[in-house]
Protein chains: 2
Amino acid sequence: MTRQGGYNLPEGVNAVRFSSKAVTRVAAGRVIGLSNEKKSAEQISKVSCSNCSVRALCLPAGLTAQDIDRLEQITRKKTVIKAGDQLFRAGDKFTSLYAIRSGSFKSVVIAADGSAQVTHFALPGELLGLDAYSTQAHPSYAEALENSSVCELPFAQLETLAQQVPGLQKQIFNLFSEELRQEKDVVMLLGKRSAEARLAALLINISERYTRRGYSATEFNLTMPRIDIANYLGLTAETVSRLISRFQKQELIKVQGRAITLLDKPGLATLAGVSCSD
Amino acid sequence: MTRQGGYNLPEGVNAVRFSSKAVTRVAAGRVIGLSNEKKSAEQISKVSCSNCSVRALCLPAGLTAQDIDRLEQITRKKTVIKAGDQLFRAGDKFTSLYAIRSGSFKSVVIAADGSAQVTHFALPGELLGLDAYSTQAHPSYAEALENSSVCELPFAQLETLAQQVPGLQKQIFNLFSEELRQEKDVVMLLGKRSAEARLAALLINISERYTRRGYSATEFNLTMPRIDIANYLGLTAETVSRLISRFQKQELIKVQGRAITLLDKPGLATLAGVSCSD
DNA sequence: CGTAAGGTTGAAAGCTATCAAGCGCCGTGG
DNA sequence: CCACGGCGCTTGATAGCTTTCAACCTTACG
C-alpha cells in the first residue's frame, strides 16, 4: 500500500514552520516516529493539546485551560497513520472525528460505476469525518498521503461535552462552517473552465492553507501524487504534468518532484482569477 | 431585477406534492402570495412550524412540541422573497440563518476578477448561510430563482437555545453535516469530465432532493435559467442547451421550457456514473 | 543494479467554447 | 387587443483545448 517508486524528494519541507518571532525547524518526518514501524498504526497514547502545533485551529481554540483538560480526557491519539493507510473506510459507521496533528490525507468517494474520485485534501488542524454525522456512516474513505498523526474524538462524548461547554459548541459550529466555506472554494476551483486556472487555484489554495498553519507560503510539498491532483481537478495526470512544466517555464513556480516553490504568487493568482495575500 | 422574457412554462410543477397515502395538490405559486406584490419582500409575520411542509427536514425535526414552541419564538418569517431579489448580499454581516419554506435560491460568489460563479442551488427545507458562521460574513449572495418564502433564524439566539435543547444542537450538527455531504456530491458532479455526465448528475441530484421533500421524483421545474446551470456545471449555456436537446432525442427526458420530466432515470444515472433509487 | 511505479513528453482524436444567427415567449405600450 | 422589443433558448460551424494513446524518463526500493 505504501508508495514504492516515483518522485518524492525533500521530505520535511512542510515541516519548516515559522513562528511569529523566531524561525524554528522541526523534522516532522522524525517526530511522527519512523522508528517504531513494527507497531500498529492503531497505537494509542495520551493527548496533550497544549504542545500541539495546530491547537489554534483545532477544537481547543478559544477554550479555557480547564475546558481543554476535559476535552483531552475524551480524546485518543493515534500516533502514526502510515502513508497509504486508511484512517477509515467508506461505509464505516461514524463514531469519531479525527483531527490531523501532522501529515495530510485525501478523501475519496467511490461512485456507483466503481470510479474513484478525490473530493478533498486535508491538512494539519483540519477535521476529518464531519460529513458523516448526518448519515452516521462515512461517505468517503480517508487515506494518509504521508506518515501522519491524528487525534480521535469520539463524537457522542464530544456532543455531550459541547452541551456543557458553550465555547466548544461554538468551535464545532466554527469548524463545520469553515469546512463548508472551503468546499465552496473547491466548487469555485472546479467551476473554472480552463485546466490552467484550476491548477493555479489549487496551488494558491494550498499555499493559503499552509500559511494559516504557520508554514511557508511559498515553499511546500505537494504530498499527493499527480494522478490524485488530476482526479481532484477533473483533469488527467498528463495535463497536470504539462501544466506544471509550463508554469515552471513561465517562472511561476519551481518544481523538484513533489517539492514546489511559488515564485510568482500574484501571477498564479491572476491565472486562477482569485486575489491573494501578497 | 425580475425576469422579463424567455421560457417559463408551467408554474407550480414543483408544487405537486405526494404524501405517503393520498395525492394532494397545492398551488404553491398562489400560496406564497402573488396577490400582495405591493408589499415589501421584508414583510414579517408569525411562524408556525407545525403547518410547514418541510418541518421534517428543517430544524424542528426530532424536537418535542414544547421545544418547537421555543424555536418558533425566536424565528421570524419573511413571507415573500420575489424572484430575482437577494436574500443577503456577499459581504453582509452574518446574523441569521434562513430556512427555505418554499421556492428556490442560487448562491453566487464573485471572484476577485469580477467573474460570478454559481456555487449552490438551494431547495425547500435547506438552510442558507451556514457557511458564513466562521467568518461572520456571507461569502456569497443568495438570489431567489422564483417567488419564495423563508424563515429567518437569528443565530445568536439559536446558539443559546441549542445550548439548552440537546435535540436542537444535534439537528444543527445534522444540517451542517448534511450540507457538507451534499457539497461532496457537488464536487463529484463537477469532477466528472464530460459535460454529459455533469448534466445527468445534476438532474439526478435535483430529482433525489425533490424526492426527499415529497415532490415528484420525475416531474419538476428547473427553476434556474440555463445560463445558471451552465455556470454551476462549469459549462456554457449552449452546451447545456445542446445536451438537453440530445437527452430529449434519446428519450431520457422530456422538456418544455423549464418543466422537465425524467423518462429514463436509470439511463441518466448510468450516464452520470451514479446509482439511483429506481 | 534491476524493477516497478510515478512522472514527463509527443502526436492525433474528440469534445467543448466561441461566434453567429434565428426562434419563441413575455411584458410593455400604443 | 395587438404589435413591438427584449430576453432566454436553440442550433450551426469553426477554433481551441484537453484527452487519449504511446513511448520514454526518473526515482525509490529490494
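The chains referred to below are lettered A, B, ... by the order of the sequence lines, with proteins before strands, and numbering in each begins at 1. Not measured: the values here are computed from a predicted model.
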Go through [options] for me and flag the one nearest to the [X] side chain.
| X | options | result |
| --- | --- | --- |
| A:Ser194 | D:dT10, D:dT20, D:dT18 | D:dT18 |
| B:Arg193 | D:dT20, C:dA17, D:dC9 | D:dT20 |
| B:Thr236 | C:dT18, C:dG7, C:dT16 | C:dT18 |

Gap between atoms [atom1] and [atom2], on [X] and [N] respectively (whole Å):
| X | N | atom1 | atom2 | value |
| --- | --- | --- | --- | --- |
| A:Ile227 | D:dT20 | CD1 | P | 11 Å |
| B:Lys192 | C:dC15 | NZ | P | 18 Å |
| A:Arg226 | D:dC25 | CZ | P | 19 Å |
| B:Ile244 | D:dT11 | CD1 | C1' | 14 Å |
| B:Ile253 | D:dT10 | CD1 | P | 10 Å |
| A:Lys249 | C:dT8 | NZ | P | 12 Å |

- Query: What orientation do B:Tyr98 and B:His138 show, parallel under 30°, tilted 30 to 60°, or perpendicular over 60°?
  - Reply: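 Because their plane-to-plane angle lies in the 30° to 60° range, the rings of B:Tyr98 and B:His138 count as tilted.
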Distance test, side-chain N/O of [X] to OP1/OP2 of [N], below 4.0 Å:
| X | N | result |
| --- | --- | --- |
| A:Thr239 | D:dT19 | yes |
| A:Ser245 | C:dT9 | yes |
| A:Arg258 | D:dT27 | no |

- Would you check if there is a donor-acceptor pair between the side chains of B:Asn221 and B:Thr223 at a distance under 3.5 Å?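 There is no such pair between these side chains.
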- Verify side-chain contact (heavy atoms from CB on, under 4.5 Å) between A:Leu222 and A:Leu203, making sure each step is shown before the conclusion. CA-CA 9 Å; A:Leu222 287 175; A:Leu203 293 177; 4.1 Å; yes
- With side-chain contact (heavy atoms from CB on, under 4.5 Å) as the test, would you mind laying out the steps for B:Asp131 and B:Ser140 before giving the verdict? CA-CA 9 Å; B:Asp131 55 350; B:Ser140 56; 4.3 Å; yes
- Going by an N to O cut-off under 4.0 Å, is there a salt bridge joining B:Arg181 and A:Glu183?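 No.
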- Quick one: do B:Glu126 and B:Arg213 make a salt bridge, cutoff under 4.0 Å?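 A salt bridge is present here (some side-chain N lies under 4.0 Å from a carboxylate O).
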- B:Ile227 atom CD1, over 12 foreign heavy atoms within 6.0 Å: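 No, CD1 of B:Ile227 has 12 or fewer neighbouring heavy atoms, counting only those of other groups under 6.0 Å.
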Would you tabulate the nitrogen or oxygen pairs shorter than 3.5 Å linking the protein to nucleotides 21-23 of chain D?
from: D:dC21; atom 1: N4; to: A:Glu238; atom 2: OE2; distance (Å): 3.2

- Task: To the nearest 10°, let me know how far the axis at one end of the helix from C:dC1-D:dG30 to C:dG30-D:dC1 is tilted from the axis at the other, five pairs an end.
- Result: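 Answer rounded to 10°: the end axes differ by 40°.
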- Task: Apply side-chain contact (heavy atoms from CB on, under 4.5 Å) to A:His120 and A:Lys106, showing your working.
- Result: CA-CA 6 Å; A:His120 188 66; A:Lys106 64 174 174 182; over 6 Å; no
- Query: Where do A:Phe121 and A:Asp228 land on the side-chain contact (heavy atoms from CB on, under 4.5 Å) test, with the steps shown first?
  - Reply: CA-CA 10 Å; A:Phe121 293 122; A:Asp228 285 342; 4.2 Å; yes
